[in-house]
Amino acid sequence: MNKSRNVINSEVGPMRIWDPVNECLSRDELEMLQLTRLRSTLERVCRAVPCYQEKFRDLGIEPGDVSTLQDLAKLPFTTKEDLRLGYPYGMFAVPLREVVRIHSSSGTTGKPTVVGYTRADLNSWTELAARFMTAAGVTDEDIVHVAFGYGLFTGAFGLHYGAERIGASVIPMSSGNTDKQLMIMQDYRSTALVSTPSYALTMADRMEKVGIDPAGLALRVGLFGAEPWSEQMRREIEERLGIVATDNYGLSEVMGPGIAGECLHRRGMHIFEDQFIAEIIDPDSGEVLPPGSVGELVLTTINKEAFPMIRYRTRDITRLHYEPCDCGRTHVRMEKTMGRSDDMLIIKGVNVFPTQIEEVLFQVEGCEPHYQLVVEREGSSDTLEVQVEVNERIFFDEMKKQRAFVDMLQKRLVSTLGVGAKVKLVEPSSMPRHEGKAQRVIDRRNL
Ligand code: DLL
């Protein structure tokens with residue numbers, strides 16, 4: 001049922017709000033709702049999830065001790081490590097029989113993080129996706145072209161169901177095969193593109209190469225997310241594709257896309273605070289920082305059944321804005337993320353940890369434990385170069401053998417990471433040595 005309403009706004013024209021009741025609560029109403037939902041979530045996790053039982057016991061806290069939202073700061077954090085320890089279903093708060101969908105994080109090696117949804121969770125996820133897609137201007141008139149990969153990744157399914165709920169026509173295109181994407185986009189007259197921002201530029205590059213004029217397309221809006229992107233990149237996408245490019249944020253551990261999204265004012269992404277409580281902490285000390293500070297975003301789910309998260313450390317660095325937005329929504333806005341407090345890289349939308357690369361290198365005889373990762377953006381595409389010191393035998397080996405060595409490393413890297421990397425062998429002892437922490441990553445993308 002489409003329950004959105006029109007809000008006339010002089011700056012950006014008519015704008016719809018999908019769920020005007022929940023998106024426009026006053027701060028007092030919102031905080032009351034948050035506290036009630038938080039308390040019942042705490043009761044549930046302490047009843048059903050051993051990880052939380054233990055954490056609360058260790059801190060000597062009981063769910064009943066939380067009587068204000070400020071008490072949240074006393075509660076333990078949840079980290080990716082907790083999810084790894086609970087692999088695969090240890091963090092679920094309901095029996096598997098009640099779980100109707102399973103997804104996982106986009107980390108492609110080792111054990112991924114497994115997340116589950118009950119029927120009610122899927123319904124709220126769909127509602128939240130419908131909210132941010134409506135905020136970005138999608139209506140039942142749109143033809144939504146989903147170019148995220150359908151699979152364990154939450155991106156495609158999240159936006160797919162959101163668009164259907166709005167009543168738009170969904171094209172479940174999935175990722176890859178840019179020429180086919182463009183053909184479908186032209187022939188089916190797609191009006192809204194769902195993808196990573198970098199893939200939108202890859203499409204623009206391809207259009208230029210094969211002579212497709214974006215002005216001839218029906219495309220008018222883009223819903224981009226899953227990786228960091230700059231305002232500069234937004235301008236480039238908008239100019240080259242002739243669309244309005246909007247940002248949306250989420251992470252699988254907390255739900256997937258639908259945690260936050262921009263309205264057409266595009267002054268930060270509204271975090272759906274009737275479903276999540278957002279805090280900003282100092283990533284080193286864990287202290288909660290005052291409003292307006294830059295720090296790590298911590299999220300608590302307050303309406304999830306299968307996979308509730310208490311104070312999940314997202315590692316994403318951002319800032320929150322509480323001033324009201326002209327769109328009428330009261331929910332806090334988060335700035336575009338400024339990076340991550342850990343060292344995870346996102347290359348072409350795939351999460352890559354330097355430690356994964358290290359593991360590959362360390363298994364190969366001849367590689368020294370000195371390496372550096374250089375990330376650049378060539379045109380619209382991310383490139384990763386792994387520079388590794390090798391021993392003298394390999395470095396001075398004949399060209400053919402050296403090339404075979406590089407090929408072997410590249411193959412191992414792509415199969416471990418799920419994304420290609422170029423390998424460059426460097427002379428023994430030529431890498432900078434560091435005192436204290438080594439600087440492994442040189443990111444030249446200026447995101
Ligand atoms: O990327 C969920 C998603 C799908 C969001 C589609 C938006 C659209 P994960 O694969 O678990 O989930 O990766 C989550 O990606 O912690 C951020 O570091 C990064 N990320 C997601 N959205 C944005 C964004 C999905 N809009 C990790 N801007 C998060 C910057 C983003 N980074």
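Counting convention: from 1, in listed order, for ligands and their atoms alike.
Taking every heavy atom of Ser252 and a limit of under 4.0 angstrom, the matching atoms of ligand 1 come to 9 (P), 11 (O), 12 (O). The distance from ligand 1 to the heavy atoms of Thr154 drops below 4.0 Å at these ligand atoms: 2 (C). Ligand-side atoms of ligand 1 in range of Gly155: 4 (C), 6 (C), range being under 4.0 angstrom from any heavy atom.
A heavy-atom distance below 4.5 Å is found between the side chains of Ile281 and Val288. In this structure, the side chains of Leu59 and Lys74 stay at 4.5 Å or more apart for every pair of heavy atoms. Looking only at side-chain heavy atoms (C-beta outward), Met173 and Met185 stay at 4.5 Å or farther from each other.
Considering each of Asn248, Val115, Asn351, Ile346, the one bringing a non-hydrogen atom nearest atom 13 (O) of ligand 1 is Asn351.
Residues passing the side-chain hydrogen bond (donor to acceptor under 3.5 Å, both in side chains) test with His331: none are found, sequence neighbours excluded.
By the neighbour-count criterion of 12 heavy atoms within 6.0 Å, atom OH of Tyr150 is densely surrounded, having more than that number from other residues, nucleotides or ligands.
Geometrically, ligand 1 and Trp229 share no nitrogen or oxygen pair separated by less than 3.5 Å. Between Asp316 and ligand 1, a contact under 3.5 Å exists for at least one N or O pair. By the 3.5 Å distance cut-off applied to N or O atoms, Ala226 is counted among the residues near ligand 1.
With a heavy-atom cut-off of 4.0 Å, Leu251 touches ligand 1 through backbone and side chain alike. By the criterion of a heavy-atom distance under 4.0 Å, the backbone of Glu227, and not its side chain, is placed next to ligand 1.
Two rings, from Tyr188 and His145, have their centers 6.0 Å or more apart.
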